[in-house]
Colleague: 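This is the structure I want to talk about, given as C-alpha cells.
Residue numbering restarts at 1 for every chain, and letters A, B, ... go by the order of the sequence lines.
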There are 2 protein chains.
Amino acid sequence: MTSADSGTAAESPAQPVRGRPRSEAVEQAIVEGTMKLLEEGVPLGELSIERIARTAGVGKAAIYRRWKGKEALFVDVLRTVEPDGPELPGTSMRDDLVALLEWQRRRGLASRSSAILRTAHAQMKSSPRIWEAYHSTVIAPRRKLGMEVLRRGQRDGELRTDLDVELVNDLFMGPMLVRAVLRPDADLTEGLAQRIVDTLLDGLRPPGAPSVGGAAAPRSVSSPADPAECARSVTEHP
Amino acid sequence: MTSADSGTAAESPAQPVRGRPRSEAVEQAIVEGTMKLLEEGVPLGELSIERIARTAGVGKAAIYRRWKGKEALFVDVLRTVEPDGPELPGTSMRDDLVALLEWQRRRGLASRSSAILRTAHAQMKSSPRIWEAYHSTVIAPRRKLGMEVLRRGQRDGELRTDLDVELVNDLFMGPMLVRAVLRPDADLTEGLAQRIVDTLLDGLRPPGAPSVGGAAAPRSVSSPADPAECARSVTEHP
DNA sequence: CCATTTCGATACGGCACCGTCTCGTATCGA
DNA sequence: TCGATACGAGACGGTGCCGTATCGAAATGG
C-alpha cells in the first residue's frame, strides 16, 4: 500500500542487480531490534536511528539504505508485528464475537503487541502518517470484520435490527479494548470474552431468539414520541 | 492548590520570605505554555524545558526554580488541566450513568483535555511515576465513583446483582472511552451517552425491575410517560 | 538604603543524535 | 578477475537540549 516502497522493498521487476544483494538477515535484525526497544517501553520519541542500529548490531547506513527515517521504519514494524486476525468459527454470531474478543484479549496479554499498540496510539495524534498506516492496515480491517459479523447476526435473527451496528460494535469491543490497551494493569482472565459477549447479548438479542438465554417480552426501543419537546433536559451543562 | 506543590518544596509553613516573591503569572505562563504545546500534539518526548520556556516567554531558570524536571512539571500540568468530575443528579442509577458518560463524551470533544489525556496514556508505560500520579488523581476516583453508582443501583433494584461491578463498569465506560480516547475521528454526537446506557440497561436490568419512570410494563423502555425520560431517545443520527 | 530573591536573557561545556560520507572488507553478477 | 554494491564501523559538522551560572533589572522586607 501507500509508501510501499519503503517497506520490505526490493520488489523491482526488471532490475539488473549488479552488486552484493542486501542481506535479509540485516533487514530482520533492524525490525527485530526496533520491536525489542518498543517492547521495553521506549517511547517513539526516545527512539533514534543510532540506538536502533546499536541494538540491532548494524551500521546506521544499513538502515538509511532501506528506510527514509524513523517514521517510515516504525510504520513497517507496525505492519510486521501485527498478528493475523482471528479465525472465526462461523457457527453463530455469538461464537464469532467471542472469537474476536478472545483474540483481542490474547493480544492484550502479549507484551510485544501490546507495547507497540500503545505506542502507536500514543503517536497517532502527532504523526498523521503513522496513524493513517496503522488505521488502514490494522484497525479498519478488524472493524470491518466485526461489522460483517454483526450484520450477519442481524440477518440470522441473533441481533436486534433496530440498532446501529457501529455502536453495537463499540459496545462489544470497547470493554475489551479498554482493558487491553488503556489499562496496563487490567484483569484479562480467561473467559472474559464470553462473559462480555453473553452479558451484552442478554439485552441485544431480539425477542424470540433461542440460543444461550431465553429472551422475554418484546420491546420497542427507539421511537421518539416527540423529539422537539424532550430534546433537552439532559443536554445542558454549565 | 494549582501549582505550588508536589513538584518542588514550596509549601514551607513559616517562611520569612525575604526577597522578591515568585510571580504567580510566571507560574501560570509555564503551565499554560506546556498545555499549549501538548494540545498541539507535541509528544512528551519532544517537549523540552527550553521549548517550554520559549513558548511561555520565561527563562529556563524560572522553570527549574519550581520544578525538578520535565516529568514533575508534566504531573502538575496533568492535575491542573483535569476538569472536575461530573455532578451526579442522583435521581437514579441510570441518570447517574448517563451523566458520567456524558462527561466523558464532552471531555473527549475538548481538544485540550483530549490531547493531554492521550499523551498521558502514551507515556505511562515508560514512566511509572507519571502513570502513578495520573492513576491516583484521575482514574481511581472516577472509577470509584462509577462503582458506587453501580452498587447503589444494585441495592435499588436497577441493576442485576449477579454481575461483577468491575466488569459492568467497563461495559458502560469502555465504549465511550474507546471513542473519546482511542479513536480521534470517532463519532461523539449528542445523545450518545443515553444510547449507550439504555441499550446496555436493556440487558443489565434485572427481570422484574420497573423502568426508570416506574410503573407499568417491566421492559417497555421507551414509552415515554415521563418527559424527563424521553431525552434518551433523541438521537438525530446522520 | 540594602540585603535578598526573582525576573528574562543568555553564555557555558557537555551530550546525544542527526544524515552524509568514507574507510576496509565481503559478496554478488558478468 | 573486475566492477558494483552491501556490510560494520565510525568520523564529520551541525543541531538541539541539558542543567548551571551569571548578568543587570525589578521587587520585596527589614
Colleague: Please compare A:Arg65 and A:Leu47 by the position of their nearest nucleotide in DNA chain C and report the one closer to 5'.
Modeller: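 So the residue in question is A:Leu47.
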Colleague: Can a donor-acceptor pair be found, under 3.5 Å and without considering hydrogens, that links the side chain of A:Asp96 to the backbone of A:Gly90?
Modeller: yes
Colleague: Taking protein heavy atoms under 4.0 Å as touching, what does nucleotides 24-30 of chain D look like 5' to 3' if B marks base contact, S marks sugar-phosphate-only contact and - marks none?
Modeller: --BBBSS
Colleague: So do the side chains of B:Leu192 and B:Leu101 get within less than 4.5 Å of each other, counting heavy atoms only?
Modeller: no
Colleague: Give me the atom names and distance for the closest heavy-atom approach of B:Ala62 to B:Ile30.
Modeller: O-CD1, 4.1 Å
Colleague: Which base, if any, makes a Watson-Crick or G-U wobble pair with D:dG30, both distances under 3.5 Å?
Modeller: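 Paired with D:dG30, as far as the under-3.5 Å criterion goes, is C:dC1.
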Colleague: Nearest whole angstrom, please: distance from the P of D:dG8 to the CD1 of A:Ile52.
Modeller: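 It is 14 Å, rounded to the nearest whole Å.
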Colleague: Closest to the A:Val58 side chain: D:dC7, D:dG8, C:dC18?
Modeller: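 Of D:dC7, D:dG8, C:dC18, D:dG8 is nearest to the side chain of A:Val58.
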Colleague: In whole Å, I'd like the distance from the CD atom of A:Glu50 to the P atom of C:dC15.
Modeller: 15 Å
Colleague: Rounded to the Å, how far apart are A:Ile63 CD1 and D:dA6 P?
Modeller: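 Distance, rounded to whole Å: 15 Å.
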Colleague: Let me know the distance between CD1 of B:Ile49 and P of D:dT20, rounded to the nearest Å.
Modeller: 11 Å
Colleague: Nearest nucleotide by nearest heavy atom, which residue falls closer to the 5' end of DNA chain C, A:Gly69 or B:Val26?
Modeller: B:Val26
Colleague: Can you tell me how far C1' of C:dT6 sits from CD of B:Glu27, to the nearest Å?
Modeller: 12 Å
Colleague: Okay, side chain of B:Lys70, backbone of B:Ile49: is any donor-acceptor separation there less than 3.5 Å?
Modeller: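 No, the answer is negative, given that no donor and acceptor are paired below the 3.5 Å cut-off.
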Colleague: Between the base of D:dG10 and the side chain of A:Lys60, is there a donor and acceptor pair under 3.5 angstrom?
Modeller: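 Looking at the base of D:dG10, it does not pair with any donor or acceptor on the side chain of A:Lys60 (distance under 3.5 Å).
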Colleague: Of the options B:Asp198, B:Leu159, B:Val149, which is the one that meets B:Arg94 in a side-chain contact (heavy atoms from CB on, under 4.5 Å)?
Modeller: B:Asp198
Colleague: Among D:dC18, D:dA6, D:dC17, which nucleotide has an atom closest to any side-chain atom of B:Arg51?
Modeller: D:dC17
Colleague: Using atom OH of B:Tyr64 as one end and atom P of D:dT22 as the other, report the distance to the nearest whole Å.
Modeller: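 Whole-Å distance recorded here is 17 Å.
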Colleague: Is there a salt bridge (Lys or Arg N to Asp or Glu O under 4.0 Å) between A:Arg66 and A:Glu27? Walk through the geometry before answering.
Modeller: CA-CA 8 Å; A:Arg66 292 158 221 266; A:Glu27 196 107 1; 2.6 Å; yes
Colleague: May I have the distance from A:Ile30 (atom CD1) to D:dG8 (atom C1'), rounded to whole angstrom?
Modeller: 12 Å
Colleague: Of the nucleotides D:dC7, D:dC18, C:dC18, which one has an atom closest to the side chain of A:Ala62?
Modeller: D:dC7
Colleague: So if I apply the side-chain contact (heavy atoms from CB on, under 4.5 Å) rule between B:Met176 and each of B:Arg107, B:Arg105, B:Glu102, which one comes out positive?
Modeller: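 Exactly one option meets the side-chain contact (heavy atoms from CB on, under 4.5 Å) with B:Met176, and it is B:Arg105.
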Colleague: What is the base-pairing partner of D:dG14, counting Watson-Crick and G-U wobble geometry with both distances under 3.5 Å?
Modeller: C:dC17
Colleague: Could you tell me how far apart B:Arg54 (CZ) and C:dT10 (C1') are, to the nearest whole angstrom?
Modeller: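 Between C1' of C:dT10 and CZ of B:Arg54: 13 Å.
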